[in-house]
Amino acid sequence: MTYIALLDDCGFQWKGISPTPVSSLDGASSNNLDEWFWQWAQKRRNGLELQTTGVFLIHAHACFTRDVHRQDMQGVELLKHIRLTPWLGNARSWHAIVYSFEPLEQVLARKPGNLILKSPGVTFLRLPDALDLESALKRAYPAKDWNTGGLDGVLDDLATNHCATPDARSFRPYVASDYQPPDSAHQISNWWGVYELRGVFSGHEYPEFDKPEAIPTQILPMVLRLDTKKARWLEGARASPPNRQASLPGLFPELERLIDTARNKKVAYLDDEADKGWLDLLVNLLNRDALDPKCLIVRPDPSKLQLPDKARQPDDYESSVKCLSRWVANWEKPDLLVLDLRLLGSREASQDPMQASGMDLAREVRRRNPYLPILLFTASNKAETLLISRSLDVDDYWMKPGLGEHRGLGTREEDLGALVAKLGTLLGPDYQWLQRAAGVIRAIEKNIKKTKKPSEKINKLWWQSPYHWPGPNGKGNDTQQPANAKIVSELLHAVLYTARMLFRFRQVFGKPTSAGHSPYAPPEMAPRILQTALFNQIGQVVEFVHGVSEASQDPYGGKTGSARIGGYFDQSTGQFGQFVFRRCDWWAFRLFALRNRYSHAGSLAATVNDDDVRAAISDLLAWLIVSPPRGVSNSGPYRLGPSNNRASAQCKGPSGRDAESDEFRQGLATQGYKELVKRSDEIQKGSP
Amino acid sequence: MVLVIDCREERGKKLEECVRACGHKAVTYGLGMDVPGELRPELLLLHIGDAQVDQGDDIAQTIGRFGDCLILCYRGGIASWPAENCPMVNVALFPPLVPMDEPGEDLLRTVRQVLAQWAQREHLGREWFRSIVTGFDPVLEAKLEVLIAALKGAKLPEERLMLIRSKCPRAFTEDGRLACDGTPQSVARLRKIFFNEDPWEHSA
């Protein structure tokens with residue numbers, strides 16, 4: 001006997017059958033059909049009635065909730081819910097007998113969405129004839145042979161041979177007939193993204209059904225809406241990996257790494273939608289135990305996020321943005337800023353992304369702390385928004401996956417993986433090193449300020465006072481004049497800023513892989529131009545501090561001014577020439593050699609990696625901070641030679657390359673390297 | 001906050017009570033009361049009947065002043081302002097006339113429907129408000145309720161019958177009762193009259 005699920009609140013007398021009506025009593029407390037349907041389906045999930053075959057008997061004009069009119073046709077809306085709810089299992093394709101007083105033509109004319117009544121798997125009957133179901137069905141299907149089995153036979157035939165096909169492409173017109181793409185993609189991405197990523201966390205494709213407690217209560221009503229189901233069916237259905245569970249373990253090691261990276265770090269999170277589940281999501285991503293977080297996530301007072309209207313109150317808006325940026329850069333001093341593009345929500349949905357409140361704030365924070373990593377959250381994939389990813393005002397951006405045209409391109413797991421990777425990069429060594437280097441520059445600047453007071457002269461850095469280097473070949477003194485500290489500081493900022501551009505460049509276009517660059521890779525020359533600039537700037541600092549330049553001449557030997565930093569070969573004395581010792585600042589000499597290697601146009605083939613960049617800048621900062629020993633001479637501790645531990649140590653950068661590496665030798669740039677070593681050993685031994 | 005502007009104080013108060021029962025703040029401004037300038041309602045329930053204009057209100061000016069919020073217009077008689085032709089997507093006219101001293105169940109139900117979706121309004125399409133308010137057809141609703149009541153053998157809703165009486169006179173006997181004895185056959189005949197399905201019944 002075929003199971004009949006009656007969806008009607010009217011209690012009509014049926015002929016030949018006595019189905020139990022599923023009345024509005026189930027959802028008496030609700031005035032929302034979406035919620036009513038969800039509760040109804042959940043209650044029946046564990047019952048057998050929706051697991052087997054059956055037939056729905058639906059009154060088109062039934063009222064299942066409060067405050068509804070008969071003409072709203074909740075019965076038809078319910079049929080749409082049934083067809084578009086994947087987690088309903090077999091029941092979503094059950095045959096549906098829909099009955100109404102109104103003629104079908106009138107019903108279709110009144111509301112285009114009622115076209116679903118013409119879809120396969122639906123029989124439309126008129127009241128009161130429908131109450132004699134057997135006769136009505138026989139009239140509806142005159143060509144069928146109904147002579148055997150009576151009403152049971154008829155229903156059995158409908159249940160087995162006339163099912164709906166809600167997954168088929170041919171079902172599209174019935175879903176699309178009254179679909180209106182939601183006009184606020186920004187809002188949708190803000191809750192749909194949470195829903196999707198929560199689904200990955202909970203391990204359920206439909207957490208609203210399998211684990212509703214995993215979804216924030218604010219967004220559950222949106223997920224349950226019929227419009228959402230339509231959007232998901234039409235435009236938002238995302239390809240899940242073939243073996244969903246198998247793809248998750250691949251993600252978890254990345255998550256574990258991120259949690260370790262984020263330990264003891266502070267993240268500032270500014271988002272007007274944070275309370276809609278995004279904050280919880282971040283806490284869960286960055287901590288192993290959300291109840292015992294090791295990574296602190298700080299948020300400003302909600303009232304501070306209530307920015308005034310930019311057009312109407314520009315002054316108030318500007319001061320609010322400044323106030324927020326002070327809170328971030330001067331007060332909280334986080335390791336990472338996660339920032340929403342549109343802090344004013346839909347009020348600025350039509351605003352040019354580059355002028356959106358999030359970008360205004362990013363620029364203001366940059367002004368206060370140029371090296372704080374900023375991850376921008378956006379809810380839009382418009383081309384103009386994508387330009388933000390190229391902007392240097394932020395370090396990276398991540399698109400909250402939305403519905404319809406704003407859905408992510410890959411699977412949900414890939415979206416979450418991308419977010420994890422970006423958080424890992426921005427909390428990782430490159431950006432944290434950048435912040436530490438910026439801290440060193442700040443310390444230098446602080447030192448410069450202090451030295452304005454005569455009593456604090458002791459805090460002067462070595463290059464801020466006259467410094468006496470050895471004269472040519474160790475004879476006499478070659479005095480270095482004090483360098484202008486302000487200019488040194490500005491040069492250092494230029495170095496660091498270029499380094500940030502280089503990191504950012506690699507992040508945007510992808511690091512080279514064994515298979516080549518990412519498909520978006522720019523010409524190979526582009527990062528090398530940045531690298532050239534960076535090492536030129538390093539050379540500039542060295543030259544400026546020593547008060548020399550390549551354009552000038554060494555007054556002693558007629559070589560370029562830069563030759564004074566360490567020494568040079570006098571080629572007039574032989575094939576390789578004799579090495580002439582000048583100031584013997586081998587640390588700076590090494591930095592300048594790197595500059596020669598990586599910044600000359602002819603050397604563009606040599607590529608540096610992030611380690612090289614970090615090592616060179618760290619060396620530069622250390623050289624500026626650590627005073628050379630007094631009385632340095634070419635026979636002193638600064639003697640040149642790879643066997644000399646001290647010299648090697650000074651030439652070591654964080655990358656661990658030592659003075660004997662090929663790069664170092666090439667950095668010294670010369671076939672006469674061995675001669676140089678030999679000569680230095682002679683000096684060490686005291687021979688002429 | 002919901003603002004009710006209605007020259008009929010009793011009707012306005014009932015609307016206000018309905019709004020409050022839905023968990024929203026509401027305030028009513030009746031006859032001779034000036035609406036303060038700083039008031040920023042999110043929904044305006046506005047009576048646009050000619051009685052309102054007779055009391056000195058300028059409907060167009062009121063709508064212009066509260067142009068940022070959703071405006072549900074209703075009237076008990078002749079509309080003094082053509083709200084049905086208003087191009088503003090946030091202005092909607094409730095089609096049926098409402099009684100003089102009370103809003104009527106249909107208007108209250110419509111207000112409750114709007115407020116039920118209030119929390120999600122930012123996520124809904126531009127037309128959601130208008131489709132709820134203007135889509136209501138009181139005669140169709142009356143026909144459906146009368147047919148259902150007749151088929152169930154339940155008490156016929158009098159206020160609905162009044163609406164149908166002038167539209168479908170053939171559905172009534174000479175003494176003004178509904179021509180239906182509750183049998184499926186008589187309900188089927190009634191249905192044909194209501195939905196103009198029987199050419200003979202219709203032409204007669």
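Naming convention: chains lettered A, B, ... in sequence-line order (proteins, then strands); numbering from 1 in each chain. Bear in mind the structure is a predicted one, so any value in this text is a computation, not a measurement.
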- request: Measure from the side-chain N and O atoms of A/R126 to the backbone N and O of B/R191, and report whether any donor-acceptor pair falls under 3.5 Å.
  value: no
query: Non-hydrogen atoms of chain A under 4.5 Å away: do they reach the side chain of B/Q117, the backbone, both or neither?
result: side chain
- line: Assert top hit (heavy-atom pairs under 4.5 Å, partner chain B, pool A/D72, A/T228, A/V68) equals A/V68
field: Passing candidate, side-chain hydrogen bond (donor to acceptor under 3.5 Å, both in side chains) with A/D271, options A/K400, A/K276, A/R342
entry: A/K400
field: Proximal component of A/L127, with respect to chain B [non-hydrogen, under 4.5 Å]
entry: both
field: Exercise: do B/D6 and B/Y29 side chains pair donor with acceptor under 3.5 Å
entry: no
query: B/F136 versus chain A, heavy atoms under 4.5 Å apart: side chain, backbone, both or neither?
result: both
field: Ion pair A/K80/A/E77, N-O distance below 4.0 Å
entry: yes
Proximity of B/Y74 and B/H47 rings by center, below 6.0 Å: yes
message: What part of A/E102 gets within 4.5 angstrom of chain B, counting heavy atoms only: side chain, backbone, both, or neither?
response: both
message: Tell me which of these, B/R112, B/Q113, B/E141, has more heavy-atom pairs under 4.5 Å with chain A than the rest.
response: B/E141
- prompt: Under 4.0 Å between a Lys/Arg side-chain N and an Asp/Glu carboxylate O for B/E17 and B/K13?
  reply: no
field: Segment of A/Q106 engaging chain B (4.5 angstrom heavy-atom cut-off)
entry: side chain
query: Picking from B/A119, B/P184, B/A154, B/G135, which has the most non-hydrogen pairs under 4.5 angstrom with chain A?
result: B/P184
